[in-house]
Every structure is written in structure tokens, then in C-alpha cells.
> 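What follows is a structure written as C-alpha cells; I'll ask about it next.
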Amino acid sequence: MEIKAIRGFNDILPDEIGKWQFVEETVREVFEGFGFDEIRIPILEKTELFIRGIGEATDIVEKEMYTFTDKGGSSLTLRPEATASMARAYLEHKLFTFDPVAKLYCIGPMFRYERPQKGRYRQFYQIDAEVFGVANPVVDAEVILMLIHFLRQVGLEKLELQINSLGCRECRPRYREELRAFLSKKSFQLCEDCQRRLQANPLRIFDCKVQSCQETIVDAPKVSDFICKECDHHFNRVKEHLSMAGLEYVLNPKMVRGLDYYTRTAFEVVSYDLGAQNAVTGGGRYDNLFQEIGGRDIPGIGFAIGMERLISLLPKNKGLKRPLDLFIAVQGKDGKQDAFRIAHQLHLERIRAEFDYEEKSLKSQMRRADKLNARYVLILGEEELKKGRAILRNMANQSQEEIPLQELVQILGRKILRD
RNA sequence: GUGAGUGUAGCUCAGUCGGAUAGAGCACUGGGUUGUGGCCCCAGUGGUCGAGGGUUCGAGUCCCUUCACUCACCCCA
């Protein structure tokens, strides 16, 4: 039986890798321009980190983690997200002693055991950015501005930024209880799922697609009526700064985040071209996370972009496969040695050159050059070789010229640079 | 975890009411006078019909089981 990749784990093949490289390059340019530094963190962590960081009652921790016991008996987990690890690294290496403010980003695979569907895989890549050590709402706006700028840089246009405030550990529980009390009285109107949500996380009922549930919550209490003065002030300043920068947003009071650590500012960017999994990116503030994982009280804010979702939205002209610069076609057996020698010489000059390893007819070599989208073909003919010359053919306009082999590198370098 | 749909060549798909050696297009390989790509023409390679079992004289086709993929629920990036 042929061995296949495991469910929800995908290969990224050469013809799509250009898009990935393009996105990664843009991340580095944009994020570093905003003062962020890259950090690389392990793929495995102690299970405890995620249980405490993400929250015991969340779906991720309850049923989606790849957890196993290693040979030493420790419970380890493939990271389902990056924020907890980044916070751990910041605490562990006491990065705050150099500067309390840390702006960090990270790109890599995450793992969640979910049923795969469009835009949702068991191994998926995230681009993560976090700011640790700043409680000021100005940084919330700055992070969101960087995110939107980045999305525009990669070529996404039709996007909607949604923001909300989730309140803090003082006011959110109060609101949650109020909402639960309100809905309990009408629980008979709620669907089966929402009956369950009523106990687990009543805020989620806002997301329900069942008509009767939507009708029931129309006049339910809103977060905005319950958030405390400090949270309200914080949120207003975030909105002010976004407006100041000319950024449009949609207030979505129904937006809830699935990880326990989020507080206050929450945001999402959705695209209606994505199907059911329509969030390209999501994030928010998490002022309780550090304490949950046993550190000092440090505020944080950040976001995660889903790479696969982002890439599926990329315009067609981004990250195209790099064409072959030159194909070396040979005629006769003697030419093969020369092809090998010339190709190596060009490789050292970073010119993408290819030749045929088998002895094929010239016609077949030309066909291959065409298929590989070669811009030029160098034809090593027996007669020209005797004079130390070869034919250089431009595949696009079919013109060809005889050139001295010694000048090949310079001639090619000039031509390739020109277009 | 739940539901629906789909599994036939590398890809996209035909295949009638169950009938004999399983098809097409694209792709791939070679060729279409001795040294030149794309178009066209010719030929060739390639399939345990997802897997296992059953019904039948006979199964790609019908039944059961199972696996995989896709989409949706759920959840999230």
C-alpha cells in the first residue's frame, strides 16, 4: 500500500511555493519596518503551558490538542498556537530586563486535531505578531494598523476589519452572568447547541445561525452596556487612533474570541471569499495571559494570520514561479561535458540554468526548454564549439545570435538584468 | 464528534438496463529526412475501477463494511 500524508497535513508543492515565499518576505519587510523582531520557538511544549495559557474549558484544550507522553514520562503537546510559547520565552529569558517592551513575530506551523475542511487543516501555518509590556491603547491601534498595512501590501483589498471590546476580568464576568440570566428565562426558545452554550459560554450564542436563537438575543444585554469605565475608555482611545490614521472598521459587538486569555480589544479581518472559515486573521489584547502561565503581570496584544487562508486570497499575479534563465541544449556527445561545465559556472553566478542529463534529440531538448519556460537557450553546436562559440536563442522573440562562450556570463547577466 | 456529497490513467471526466479485451481530452515518451520550442499530424507508455466482503453464469455498475477526499455543522487563524 502506498504511503500517503496524514489527514489534514498538506504538502506545499513547488508551483505554489512562490506565494509562500512572497508572503514571508513581505512579513519580514513590513513587520521589521514597524520595529518587530523575529523569534523562533519550539514546536513542542509542556502540555501545562497551553492548559494554563489558553484555558482549560476551551475547545482547543478540551479536544483539539496533539498531546502525548514522551519517553521520560512528560506530557508534551504540539503547539496549537504561538502566543503562549512566545510569552513563555519572554519570561524565561527575562527579555523585559533589556526593555520591558518587546515586539516579536514568528512564522510557523500549528497543530489542531479538527475535522479538515476548506481553510482548516490539522497542520496549518500562522504568522504571529505580539507586543508585550504595553498596556496603552495606542499600541492596540499600532498593531492593527500594521496588520492592515501588511494585508494591503500582499495585495488583499476586499477585507473587513471588525473590532470589539471584550471587557476585562472585572466587567466581563458580570456581563456574562447578566446575559446568562437573561437567556435562561428564554432558554426554551434556544436550539440544542445554544442550550449547551448557555452553560459553557453564553457569548457564543450571538454567533448561532439558527433563526429562533437570533430572535431571542435581539434585545439581550450588550457588552457595551456593561464594560467598566476603564475598558470603555481604553476602547474609545483605540477607535480614536484608528480613525486618526484613516482606517475604517466595523464594530461587531457579537464578536467573541475562543481563547480564554483575550481581554478588552478584540479584532478580526474577514473575507467573504473564504467560505465558512472566513477569518483571515484574528487577535486581541490578553492582559491575563502572563499571570496564568505563572509570570509577573505583563500586558500583551497580538494577532495570528492564517497562512493558507491568506494565500488562497492572494491575487493571481503574486508569487509566480521563477522562470528558468537558460536552458543549455547540446548536439552530439561531446557537448555534454561542456553543458555540465557551463551550467556549473552559471550556477555560481546565480543564473538559473538547466540542461538535459540524457542524450536526447535537439528537438526534444528544445521542447523541454519551452516547457520549463526558459528565457534563453544556449545551443552548443559542433561547428561553433570548435571556434569556442555557441548560439544564444531568445525564446520569446525567436532571435538568435552567435556569441563567444567566454563572454556568456556577462552577456546573460546583462540580458537577465534588463528584463 | 455530527451530517451530506464524491472516489474510474499523473490531471479533468465518460462508461446505458449488470454483459465479453475499461474509454476520451490534457499531460508524458518517441517520430513527422540528416542541427532548433510553442500549432498541427502519427504512434506509444500508463488503470488491482479507493480497499475488503457479498449477490450473480457474469460487477466499474447492485448490497454491506471500511478507508480517503470535499463541503457544511461545531470551532477557529
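All of these numbers come straight from a predicted model, not from anything done at the bench. First the proteins, then the strands, lettered A, B, ... as listed; each starts at 1.
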> Given the P atoms of rC17(B) and rC63(B), what is the spacing between them in whole Å?
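It works out to 14 Å between them.
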> Report which part of the nucleic acid A304(A) touches: base, sugar-phosphate, or nothing (heavy-atom distance under 4.0 Å, all strands).
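A304(A): backbone/sugar contact only, no base atoms under 4.0 Å.
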> Is it true that D140(A) and T265(A) share a donor-acceptor pair across their side chains at a distance under 3.5 Å?
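T265(A) vs D140(A): donor-acceptor pair found between side chains.
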> Measure from the side chain of K360(A), starting at C-beta and using heavy atoms only, and say which of rU29(B), rG35(B), rG38(B) lies closest.
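Nearest to the side chain of K360(A) among the choices is rU29(B).
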> Scan every strand shown for a Watson-Crick or G-U wobble partner of rG10(B), both distances under 3.5 Å, and answer none if you come up empty.
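Across all strands, the one nucleotide that pairs with rG10(B) is rC26(B).
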> Tell me if the aromatic rings of F36(A) and Y105(A) count as close, with their centers under 6.0 Å from one another.
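Here the rings of Y105(A) and F36(A) have centres that are no less than 6.0 Å from each other.
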> Taking atom C1' in both rA9(B) and rG46(B), compute the distance separating them and give it to the nearest angstrom.
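Here rA9(B) and rG46(B) have their C1' atoms 6 Å from each other.
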> Side chain of T281(A): nearest nucleotide among rA77(B), rC74(B), rU36(B)?
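For the T281(A) side chain, the nearest candidate turns out to be rA77(B).
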> Quick one: look up who rC40(B) pairs with, Watson-Crick or G-U, both distances under 3.5 Å, and put none if it's unpaired.
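With both distances under 3.5 Å, rC40(B) matches rG32(B).
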> Taking any strand in view, what nucleotide pairs with rG1(B) in a Watson-Crick or G-U wobble way, both distances under 3.5 Å?
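Its partner is rC73(B).
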> Just checking, any donor-acceptor pair under 3.5 angstrom between side chains of Y125(A) and Q123(A)?
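Yes.
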> Quick check against the 3.5 Å criterion: does T26(A) have a side-chain atom that pairs as donor or acceptor with the backbone of V154(A)?
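Looks like no, no N/O pair under 3.5 Å.
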> Using a cut-off of 4.0 Å on non-hydrogen atoms, how would the nucleic acid contact of G275(A) be classed: base, sugar-phosphate, or nothing?
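Since only primed, P, OP1 and OP2 atoms lie under 4.0 Å of G275(A), the category is sugar-phosphate.
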> Counting only side-chain N and O atoms of K363(A), is one of them less than 4.0 Å from OP1 or OP2 of rG32(B)?
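K363(A) to rG32(B) OP1/OP2: no side-chain N or O under 4.0 Å.
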> Starting from P on rA77(B), measure out to CG on L151(A) and report it in whole angstrom.
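Between P of rA77(B) and CG of L151(A): 15 Å.
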> Look through every strand shown and name the nucleotide pairing with rU48(B) as Watson-Crick or G-U wobble, where both distances are under 3.5 Å.
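rU48(B) is unpaired by these criteria.
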> Choose from rC71(B), rG37(B), rC73(B) the nucleotide whose nearest atom is closest to any side-chain atom of Q398(A).
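Out of rC71(B), rG37(B), rC73(B), the nucleotide with an atom closest to Q398(A)'s side chain is rG37(B).
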> What contact category does V377(A) fall into here, base, sugar-phosphate, or nothing, at under 4.0 angstrom with non-hydrogen atoms?
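Nothing, no heavy atom under 4.0 Å.
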> Starting at CD of E16(A) and ending at C1' of rC11(B), how long is that distance when rounded to a whole Å?
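Going from CD in E16(A) over to C1' in rC11(B) covers 15 Å.
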> Under 4.0 Å, counting only non-hydrogen atoms across every strand here, what does E384(A) touch: a base, just sugar-phosphate, or nothing?
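Base contact.
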> Does a side-chain N or O of R7(A) approach OP1 or OP2 of rC69(B) to a distance below 4.0 Å, or not?
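Yes, such a contact exists.
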> Select base, sugar-phosphate, or nothing to describe what E268(A) touches, counting heavy atoms under 4.0 Å on all strands.
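Here E268(A) touches no strand at all.
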> When you measure from the centre of the six-membered ring of F327(A), is the NZ or CZ of R368(A) closer than 6.0 Å and no more than 45° off the axis?
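Not flagged: R368(A) not positioned over aromatic ring of F327(A).
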> Establish, yes or no, whether a centroid distance under 6.0 Å links the rings of F355(A) and Y357(A).
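Centroid separation for F355(A) and Y357(A): below 6.0 Å.
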> Rounding to an integer number of Å, can you tell me how far I379(A) CD1 sits from rG37(B) P?
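The answer, rounded to whole Å, is 9 Å.
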> Choose from rC28(B), rG30(B), rG37(B) the nucleotide whose nearest atom is closest to any side-chain atom of K371(A).
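Among rC28(B), rG30(B), rG37(B), the one nearest the side chain of K371(A) is rC28(B).
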> Could you check which of rU29(B), rG35(B), rA72(B) has an atom nearest any side-chain atom of L362(A)?
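Output: rG35(B).
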> Roughly how many Å is it from NZ in K63(A) to C1' in rU2(B), rounded to a whole number?
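Taking NZ of K63(A) and C1' of rU2(B), I get 11 Å after rounding.
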> rG1(B) base to E64(A) side chain: any donor-acceptor pair below 3.5 Å?
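No, the side chain and the base share no sub-3.5 Å donor-acceptor pair.
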> Is the phosphate of rU29(B), meaning OP1 or OP2, less than 4.0 Å from a side-chain N or O of S364(A)?
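Looking at the OP1 and OP2 atoms of rU29(B), neither is under 4.0 Å from any side-chain N or O of S364(A).
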> Select from D370(A) and Q277(A) the residue whose nearest nucleotide in RNA chain B is closer to the 5' end of that strand.
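The residue whose closest nucleotide sits nearer the 5' end is D370(A).
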> Quick one: is Q117(A) getting a side-chain N or O under 4.0 Å of the rC71(B) phosphate, OP1 or OP2?
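For Q117(A), the contact criterion (side-chain N or O under 4.0 Å from OP1 or OP2 of rC71(B)) is not met.
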> Write down the distance separating the C1' atoms in rU21(B) and rG3(B), rounded off to the nearest Å.
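Rounded to whole Å, the distance is 42 Å.
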> Strictly by Watson-Crick or wobble contacts shorter than 3.5 Å, is anything paired with rG60(B), and which nucleotide is it?
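Its partner: none found.
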> Between rC75(B), rG31(B), rU29(B), which nucleotide has the shortest distance from any of its atoms to the side chain of R367(A)?
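Side chain of R367(A) sits closest to rG31(B).
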> What is the distance, to the nearest angstrom, from the CD atom on E114(A) to the P atom on rA72(B)?
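Between P of rA72(B) and CD of E114(A): 13 Å.
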> Taking all heavy atoms of M307(A) and all of V23(A), pick out the closest pair and write down the distance.
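The answer is SD-CG1, 3.7 Å.
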> rC75(B), rU36(B), rA72(B): which one has an atom nearest the side-chain heavy atoms of R115(A)?
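Of rC75(B), rU36(B), rA72(B), rA72(B) is nearest to the side chain of R115(A).
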> Could you say whether I391(A) or A5(A) is positioned toward the 5' end of RNA chain B, judged by the nucleotide with the nearest heavy atom to each?
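The residue mapped nearer the 5' terminus is I391(A).
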> Across the strands shown, which category fits E382(A) at heavy-atom distances under 4.0 angstrom: base, sugar-phosphate, nothing?
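If one applies the 4.0 Å heavy-atom cut-off, E382(A) turns out to touch nothing in the nucleic acid.
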> Name the nucleic acid region contacted by Y113(A), choosing base, sugar-phosphate or nothing; use a 4.0 angstrom heavy-atom cut-off, strictly under.
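Here Y113(A) touches no strand at all.
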> For F290(A) together with F132(A), are the ring centres under 6.0 Å from each other?
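Centroid distance F132(A)-F290(A): below 6.0 Å, so yes.
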> Nearest to the R393(A) side chain among rU2(B), rG37(B), rA77(B), which nucleotide is it?
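That would be rG37(B).
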> Give the nucleotide from the list rC73(B), rG30(B), rG35(B) with an atom nearest to the side chain of R120(A).
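Minimum distance to the R120(A) side chain belongs to rC73(B).
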> May I have the distance from Q123(A) (atom CD) to rA77(B) (atom P), rounded to whole angstrom?
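The distance from CD of Q123(A) to P of rA77(B) comes to 17 Å, rounded to the nearest Å.
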